[in-house]
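Here the structure comes first, spelled out in structure tokens, and everything after it is commentary.
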Amino acid sequence: MGLAGCGGGGRSTLFGTDTHPADYPTVQAFRYFGDLVERRSGGRLRVKIFPSGQLGAERDTLEITSFGGLDFNRVNLAPLNSIEPLTTIFSLPFLFDSEAHLRRVLDGEPGERVLRSLAPHDMIGLCFYDSGARSFYNTRGPIERPADMHGMKIRVQNSDLYVAMIQGLGAAATPMDLSEVYQGLVQGVIDGAENNWPSYESGRHYEVAPYYSLTRHVMAPEVLLMSKVSWDNLNSADREIVMESARESVPYMRRLWDARVAAAQEALVADGVRVNEVDPRPFRRRMHPVWESFVTTDVQNDIMRAVLAMGDGNA
Ligand code: GTR
């Protein structure tokens, strides 16, 4: 796949992947982006997206993207943590005060810096998409304090930061791909996981893990990437089309996202999911050593300070 193999009469088909199904906001925004690219290039560039994780787990498709085997990829920031340490900053537990804080950061200088940090890894960061706040859900009962998680096996994304986060809360971490979570919960390989409302709903995890506890501990965003190999094959006018189309898909995605979070929450509460509010402070306190061991370089500290300075208290 990729530009090199698909040319013909000046037309190229570019291929992309997303772990979510076709109706999920990330995929819809990705489509919107693809349509803009196609229209603005007069049909010379077409974008074909493989949704539903058909092409594999996020970590694996990232590797394929960096080699140029895939042109575009929409992933969460978490699987990039082991590739680029700056992505760890936006993935830190309890970093953002609110969705508004997150959006200011993504739209500002810290966001630009993190997107740019991916180029040395052969990926061009085109834009961020929202992923809301992640909370814990499990098969056993409501989580109100960290002690309630003791002895639980909690699934995390493939990120050492999140393994450390779970261990810091006194539970056992099991990294696995999203596609394995439902069966993992059914079979008792894991007792719980954590995600935003739309993913909790879309993966039907609520059917087997009906306790959703609003810790809102992580707000790591999604990112739309282009393989640097494919990017280097574009002329500068086409690069601009790609970059502008990606940026223009962001407000579209945010509208879809906000609506989807509200709809998912409403549907699941009506379905009988047991939701409880959580005092985040005891959870946040346990994250201090985790921050310390994952934020080690000057550049990381610099970006982290910039993010904190943009918090709601200073807005
Ligand atoms: C979702 C995110 C996916 C994936 C998933 C997971 O919120 O949109 O890209 O990372 O979480 O937990 O694996």
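Atoms considered below: every heavy atom in the structure, side chains included; atoms not considered: hydrogens, waters and symmetry mates. Just so you know, these numbers come straight off a predicted model, no measurement behind them. In listed order, ligands and their atoms are each counted from 1.
Of all the atoms in ligand 1, the ones that sit under 4.0 Å from a non-hydrogen atom of Ser199 are 1 (C), 7 (O). Atoms of ligand 1 lying under 4.0 Å from any heavy atom of Thr19, numbered from 1 in the order shown and given with element: 3 (C), 9 (O). Less than 4.0 angstrom separates some heavy atom of Leu178 from each of these atoms of ligand 1: 5 (C), 6 (C), 12 (O), 13 (O). Within ligand 1, counting atoms from 1 as listed, the ones closer than 4.0 Å to a heavy atom of Asn195 are 1 (C), 5 (C), 6 (C), 7 (O), 11 (O), 12 (O). Annotation for ligand 1: atoms under 4.0 Å from non-hydrogen atoms of Ser131 are 7 (O). Numbered from 1 in the order shown, with element, the atoms of ligand 1 that lie under 4.0 Å from a heavy atom of His20 read 1 (C), 2 (C), 3 (C), 8 (O).
Ring planes of Tyr200 and Tyr206: perpendicular class, angle over 60° (limits at 30 and 60°).
Aromatic rings from Phe72 and Phe33 are positioned such that their centres are separated by under 6.0 Å.
Counting only heavy atoms of the protein, atom 9 (O) of ligand 1 lies nearest to Glu58 OE2, 2.5 Å. Here the protein heavy atom with the shortest distance to atom 8 (O) of ligand 1 is Glu222 OE2, 2.5 Å. Counting protein heavy atoms only, atom 6 (C) of ligand 1 is closest to Arg155 NH1, 3.4 Å.
For the pair Asp191 (side chain) and Lys153 (backbone), a donor-acceptor distance under 3.5 Å is present. Using modelled atom types, one side-chain atom of Asn314 and one backbone atom of Ala309 make a donor-acceptor pair closer than 3.5 Å. Between the side chain of Arg116 and the backbone N or O of Arg113, no donor-acceptor pair lies under 3.5 Å.
At least one heavy atom of Asn196 sits less than 4.0 Å from an atom of ligand 1.
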**Study point:** Arg239/Trp231 under side-chain contact (heavy atoms from CB on, under 4.5 Å): CA gap, chis, key distance, verdict
**Key:** CA-CA 7 Å; Arg239 286 183 195 168; Trp231 176 260; 3.5 Å; yes
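If you check the side chains of Asn276 and Ser213, you find a donor sitting under 3.5 Å from an acceptor.
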